[in-house]
Each structure stands twice: as structure tokens, then as C-alpha cells.
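The first residue in the sequence is number 1, and the count goes up from there. All values below come from the heavy atoms of this structure, side chains included, with hydrogens, waters and symmetry mates left out.
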Amino acid sequence: MVTVSVASGAADLDAAAGLLAEGFAPDPLIAAVVPGSEETRRGRLRRYYRGVVRGSDPGRVVDLARRGSGEVVGVAIWHAPGVAGREESMIDRVRMVVALGRSGARGWQRMERAFADVHPTEPHWYLSDVVVSGRARGEGVGSTLLGHRLAIADAEHAPAYLEATTPGSRRMYERLGFTARGPVDGLPVGVHPPERMWRAATPR
């Protein structure tokens with residue numbers, strides 16, 4: 001049985017960073033953005049996400065899916081509606097370069113700009129990152145993990161938004177009530193463009 005709760009404490013956040021790195025290192029889009037071997041990229045992403053999940057960005061929530069043993073098998077990073085993110089500082093940019101390398105940091109910033117250019121302006125819950133451990137694929141962890149926060153969005157009558165980076169993830173999101181709004185342009189050539197996906201608010 002899998003349960004979902006908000007990450008709390010250094011051990012939870014380190015587990016989240018490690019799982020995000022594990023999941024994104026082989027992703028074709030991330031591979032195009034952060035050069036190097038998969039092993040090198042995994043290490044860079046672990047450093048990057050450790051800074052992300054430990055940061056103080058207002059409105060950010062890190063949800064974890066756990067087995068009964070306590071093993072973390074899924075992580076989702078959400079951003080609450082109507083809460084402006086903290087502006088990136090020079091220290092943030094330096095930390096990104098340290099974590100991802102100069103080329104990786106430039107590619108990551110280009111990717112974030114492409115996402116930002118088509119991001120909805122209406123207040124909504126935004127799913128920026130989600131990963132399920134390879135050891136738990138096919139067990140319904142992704143649906144349980146996202147369903148937890150989507151139930152909260154429904155109770156608040158709030159819409160939700162995300163970018164689907166693979167056809168498989170798009171199908172899962174569609175089962176959860178998301179609909180496609182078109183691709184994200186401006187990303188590396190040869191990479192399947194992510195699909196913008198929107199889930200309407202429940203009626204009051």
C-alpha cells in the first residue's frame with residue numbers, strides 16, 4: 001500500500017532529490033539540456049534538486065509517495081495557485097552553474113524560459129516535477145501520488161496545469177482529467193516537444 005504525505009525534514013528532501021535525479025537522468029529532453037553521460041547527469045541533477053527542494057520558494061509543496069516500509073517511491077513538486085515564486089537571484093544562478101555546469105545551466109534556463117512563455121496566467125496548481133521510482137512502475141503510484149494533490153485542488157475549486165514530456169505520461173494525465181493544449185516550442189531540435197495540459201476547476 002502506498003500513502004502520500006508532504007516531505008518534512010532533511011532525510012525526506014534528500015530522498016526526493018535522489019529520486020528526481022534517478023527519474024530525469026535518462027529523460028531525452030533533460031539529456032538534450034544537460035550534456036554528459038547518464039551517470040554524470042544523475043549526479044548533477046541530484047545536486048540541483050537538493051537545492052530546489054531545500055529552497056524557500058513560497059507556495060511550493062513536495063509530496064512523497066511511500067510504501068508501508070517507508071521507502072519513498074514517488075515525488076511530485078507542486079506550486080500553489082496565486083503565489084508568486086521567488087525571483088531568481090545571482091546566488092541561485094551561481095548554484096545552478098555549480099550543480100549543472102555552465103552548459104547545463106544555460107540549457108536549463110532556456111528550457112525554463114520556453115515553459116514560462118506559454119504558462120497560463122489564471123491562478124492554478126502547477127505540477128513542475130514528478131517522478132516514480134523504476135522499482136514501483138506499474139503499481140499505480142503515479143495516479144495515487146497526483147490524485148492526492150488533485151483532490152485538494154478539487155476541494156478548492158482550483159484548476160491544475162503541467163507539461164507532459166512523454167506520450168505515456170500524457171495518457172496518464174488524461175485519465176486524471178487533464179486535456180492537451182498544444183506543444184511547448186523553443187526546445188532542443190530532435191526532442192519530442194512536451195504537451196501543455198490543463199485540468200479545469202470543479203464547479204462551485
Side-chain angles (χ1 to χ4, degrees), residues 1-27 29-30 34 41-89 91-92 95-96 98-100 108 111-112 115 119 123-156 158-165 169 172-173 176 178 197 199:
M1 179 179 177
V2 170
T3 59
V4 180
S5 60
V6 176
S8 61
D12 274 0
L13 297 176
D14 283 346
L19 191 52
L20 288 161
E22 173 191 319
F24 285 130
D27 183 277
L29 173 59
I30 302 304
V34 182
R41 191 160 48 252
R42 188 178 298 110
R44 289 189 180 282
L45 290 170
R46 187 177 294 110
R47 288 192 294 272
Y48 171 73
Y49 276 111
R50 190 176 291 128
V52 168
V53 298
R54 290 187 174 192
S56 58
D57 201 7
R60 181 173 55 219
V61 182
V62 181
D63 284 338
L64 300 182
R66 307 174 194 269
R67 287 192 169 126
S69 63
E71 178 190 6
V72 175
V73 291
V75 55
I77 301 179
W78 290 91
H79 303 263
V83 181
R86 183 173 59 83
E87 289 190 13
E88 186 180 60
S89 67
I91 293 175
D92 293 327
R95 286 175 176 164
M96 181 181 287
V98 171
L100 300 177
W108 199 274
M111 178 179 69
E112 288 189 333
F115 287 160
H119 200 97
H124 58 275
W125 279 97
Y126 172 48
L127 177 67
S128 61
D129 302 274
V130 60
V131 162
V132 172
S133 170
R135 299 180 297 279
R137 299 254 167 85
E139 299 179 12
V141 173
S143 296
T144 300
L145 175 61
L146 299 186
H148 172 79
R149 189 61 47 185
L150 291 174
I152 293 172
D154 287 345
E156 297 172 349
Y161 175 78
L162 55 81
E163 298 97 5
T165 58
S169 65
M172 181 185 73
Y173 299 138
L176 291 170
F178 287 86
M197 304 199 73
R199 186 176 185 270

message = Could you report the tightest heavy-atom contact between Val131 and Gly23, atom names first, then the distance?
response = CG1-CA, 3.8 Å
message = I'd like to check Met111 versus Ile30 (side-chain heavy atoms, cut-off strictly below 4.5 Å). Are they in contact?
response = yes
request  = Could you tell me the separation between the OG1 atom of Thr144 and the NE2 atom of His148, rounded to the nearest 0.5 Å?
outcome  = 11.5 Å
Ring pair (Phe, Tyr, Trp, His ring centres under 6.0 Å) partners of Trp108, counting only residues at least two apart = Tyr48
message = Would you say that Leu150 contacts Trp78 through its side chain, given a criterion of any heavy-atom pair below 4.5 Å between the two side chains?
response = yes
query = Are any of the side-chain heavy atoms of Arg149 and Val6 separated by less than 4.5 Å?
reply = yes
ask   = Would you call Arg46 and Arg41 a side-chain contact if the rule is heavy atoms closer than 4.5 Å?
value = no
note = ring pair (Phe, Tyr, Trp, His ring centres under 6.0 Å) filter on Tyr161, not counting sequence neighbours, yields His119, His124, Tyr126
message = For a 4.5 angstrom cut-off between non-hydrogen side-chain atoms, does Arg66 reach Asp12?
response = yes
ask   = How close do Val132 and Arg137 get, heavy atom to heavy atom, and via which atoms?
value = O-NH2, 3.0 Å
message = For the CG atom of Leu45 and the CG atom of Asp27, what is their distance to the nearest 0.5 Å?
response = 9.5 Å
message = Evaluate Leu19 against Glu22 for side-chain contact (heavy atoms from CB on, under 4.5 Å), listing each step before the verdict.
response = CA-CA 5 Å; Leu19 191 52; Glu22 173 191 319; 3.8 Å; yes
note = dist Ser128:OG -> Glu163:CD (nearest 0.5 Å) comes out at 8.5 Å
ask   = Is any side-chain heavy atom of Leu146 less than 4.5 Å from a side-chain heavy atom of Leu127?
value = yes
message = Let's go through Asp57 and His79 carefully: what are the C-alpha distance in whole Å and the side-chain angles of both, what is the deciding distance for side-chain contact (heavy atoms from CB on, under 4.5 Å) to 0.1 Å, and is it a yes or a no?
response = CA-CA 9 Å; Asp57 201 7; His79 303 263; 4.2 Å; yes
ask   = Of all heavy-atom pairs between Pro123 and Gly82, which one has the smallest distance, and what is that distance?
value = CB-N, 4.0 Å
query = Would a distance-only check, ignoring hydrogens and angles, find a side-chain to backbone donor-acceptor pair under 3.5 Å from Arg60 to Gly55?
reply = yes
request  = Tell me, with the steps shown, if Asp14 and Arg54 meet salt bridge (Lys or Arg N to Asp or Glu O under 4.0 Å).
outcome  = CA-CA 9 Å; Asp14 283 346; Arg54 290 187 174 192; 2.8 Å; yes
key: Note, Leu20 side chain near Ile77 side chain (heavy atom, < 4.5 Å)   = yes
ask   = side-chain contact (heavy atoms from CB on, under 4.5 Å) with Ser69: which residues, sequence neighbours excluded?
value = Arg67, Glu71
ask   = Got a second to check how far Glu156's CD is from Trp125's CH2, nearest 0.5 Å?
value = 5.5 Å
message = For the OH atom of Tyr173 and the CG atom of Leu176, what is their distance to the nearest 0.5 Å?
response = 9.0 Å
request  = Give a yes or no answer on whether the side chain of Arg199 reaches the backbone of Pro159 with a donor-acceptor pair at less than 3.5 Å.
outcome  = no
inquiry  = For a 4.5 angstrom cut-off between non-hydrogen side-chain atoms, does Val130 reach Leu145?
reply    = yes
